[in-house]
Amino acid sequence: MKFELQHKDPRSNARAGLITTDHGQIETPIFMPIGTVASVKAVHQRELVEDIKAQIILGNTYHLYLRPGLDILEKAGGLHKFNGWERPILTDSGGYQVFSLSGTRKLSEEGALFRSHIDGSKHLFTPENVIETERIIGADIMMVLDECAPGDADYKYAKKSMEMTHRWLKRGMDHFKKTEPKYGYSQTLFPIVQGCAYKDLRQQSAEIIASYNADGNAIGGLAVGEPAEVMYEMVEVVNEILPQDKPRYLMGVGTPANILENISQGVDMFDCVMPTRNGRNAMLFTRRGIMNMKNKKWADDFSPIDPDSDSWVDTFYSKAYLRHLFVSKEYLALQIASIHNLSFYLWLVGEARKHIIAGDFAEWKCQILPIVSQRL
RNA sequence: GGGGAGAUACCAAAGUGGCCAACUGGGGCGGACUGUAACUCCGCUGACUUCGUCUUCGUAGGUUCGAAUCCUGCUCUCCCCA
């Protein structure tokens, strides 16, 4: 994997760049739709390419390991072959499940012992076997196993957690070097900065992560309950340390406002369930603001979902029709909302990139941020 | 014509003397969701001047300290037999 830094915004830390992988290029800043179990929920591959214009999608190690399982993935020839996605794929390591499935897992120095949410069976994830799994999945960008600590963790816990994540990082990196890609194209591994909401821990972690000189670096453990201002502050501190010439991936973020603010701080890559999950729950992010499509006020609004959009669902379907589909619990509602929200997110980062290149990102951000954040 | 069952909030349906402004679903309205255990979850849903008051359980009366619940008349609905 290669990263070329193409433009820097004069009035912020925003950057435009180009990532090159064996499955093609990614223009940054970029938003990466999440396809946890080998599918971006409610969206066809064709829509992902043609309507949403996704350049890279995510898969999840924990979920794919449980289903369909490594034997099937290996027989398929990796995830790209299995789901037909020919562009780059990034896999999360299961680190987030350490956080989200905290009720059914046990952490130790060795790794994370999970109880499957599907059948209750026990599975141990270690920094090493997660690498093996991601090799079998065949992600272009793999993530190391980390502990994503909760947003309100106290200093003592945050420090202990971070230090273990660093030890896991060393083991993961070592194991990565000892193993080879399985399908003939190259794979890379991103380390993850932790440290909760503590500046000094974030700095320490960023220094350690930077020392590995990986192809790209991730910032984890944010947007897990702390205020947005704290997240921005942590990202700022970390990005002062992470290398300029490598892409920075802020994991799991976020709202349109979060994304704009963090682009401004020098983040290049984002992923979040929000456009798809909230979309399935009738929340639409548009160029004019945020709409809850279940609200009665849309019942007789026959104007297009998002008239300024060039994604066909946005001008083809009306707000009133989409509301009707949601109220009637029609599957089509989930599809339209997911396609719409993802194309909006891709549009948002694409516009950000254009304005960074044009040199007026800061002005554009000031102007658009209140609009896309407002509730309609 | 004879016999039987029943009428409860927007709908369905519990409740058969005080703990009932009334269980529970559905519907309606609103909210949440940030590296996806999520087409999920959480509120509210008689009225009002809302830590309280008022009016409700087909309808008109009655019994009782107290009735959606017991009694009587009436209206309507459904089922069975002719």
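To find a chain, count down the sequence lines: A is the first, B the second, and so on, and within it residues start at 1.
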Under 3.5 Å, is there a donor-acceptor pair linking the side chains of [X] and [Y]?
X        : Y        : value
A/Thr91  : A/Glu134 : yes
A/Gln187 : A/Arg135 : yes
A/Asp200 : A/Tyr155 : yes
A/Lys319 : A/Ser303 : yes
A/Gln335 : A/Arg280 : no
A/Asn281 : A/Lys294 : no

To the side chain of [X], which of [options] is closest?
X        : options                : answer
A/Lys329 : B/rA37, B/rG35, B/rG27 : B/rG27
A/Val327 : B/rG35, B/rG30, B/rG28 : B/rG28
A/Thr36  : B/rG28, B/rU36, B/rU34 : B/rU36
A/Arg375 : B/rG35, B/rU36, B/rA32 : B/rA32
A/Tyr331 : B/rC39, B/rG31, B/rU34 : B/rC39
A/His117 : B/rA37, B/rC33, B/rG35 : B/rA37

Counter-base of [N], judged by Watson-Crick or G-U geometry with both distances under 3.5 Å:
N      : answer
B/rC10 : B/rG26
B/rU63 : none
B/rC33 : none
B/rC78 : B/rG4

Integer angstrom distance from the [atom1] of [N] to that of [M]:
N      : M      : atom1 : value
B/rC39 : B/rU77 : P     : 47 Å
B/rG62 : B/rU45 : P     : 34 Å
B/rC65 : B/rC70 : C1'   : 16 Å
B/rU24 : B/rC74 : C1'   : 33 Å
B/rG43 : B/rA37 : C1'   : 23 Å
B/rA21 : B/rA68 : C1'   : 11 Å
B/rC33 : B/rC23 : C1'   : 31 Å
B/rG3  : B/rC54 : P     : 46 Å

Rounded interatomic separation in angstrom, taking [atom1] from [X] and [atom2] from [N]:
X        : N      : atom1 : atom2 : result
A/Asn295 : B/rA32 : CG    : P     : 10 Å
A/Met291 : B/rG30 : CE    : C1'   : 17 Å
A/Leu101 : B/rG35 : CG    : C1'   : 13 Å
A/Leu66  : B/rA37 : CG    : P     : 11 Å
A/Met293 : B/rC39 : CE    : P     : 19 Å
A/Leu376 : B/rG30 : CG    : C1'   : 17 Å
A/Leu250 : B/rU34 : CG    : P     : 14 Å
A/Asn341 : B/rC33 : CG    : C1'   : 12 Å

Is there a side-chain polar atom (N or O) of [X] under 4.0 Å from OP1 or OP2 of [N]?
X        : N      : result
A/Asn281 : B/rA32 : no
A/Arg323 : B/rC29 : yes
A/Asn60  : B/rU36 : yes
A/Arg277 : B/rU34 : yes
A/Gln97  : B/rG35 : no
A/Ser100 : B/rA37 : yes
A/Asn278 : B/rU36 : no
A/Asn292 : B/rG31 : yes

Task: Residue met sooner reading RNA chain B from 5', once A/Glu330 and A/Glu147 are mapped to nucleotides - done: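 Residue closer to the 5' terminus by nearest nucleotide: A/Glu147.
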Open item on the list: Using a heavy-atom cut-off of 4.0 Å across all strands, would you classify A/Gln194 as base, sugar-phosphate, or nothing?
Closed with: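 Since a base atom lies under 4.0 Å of A/Gln194, the category is base.
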Task: Sugar-phosphate only, base, or nothing, as touched by A/Thr104 at under 4.0 Å among non-hydrogen atoms - done: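 Base, at least one base atom sits under 4.0 Å.
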Open item on the list: Given A/Ser186, which partner from the list A/Asp215, A/Asp22, A/Thr21 fulfils the side-chain hydrogen bond (donor to acceptor under 3.5 Å, both in side chains) test?
Closed with: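 It is A/Asp22; the other options fail the test.
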Task: Charged N-O contact under 4.0 Å between A/Glu163 and A/Lys160 - done: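 A salt bridge is absent here (no side-chain N lies under 4.0 Å from a carboxylate O).
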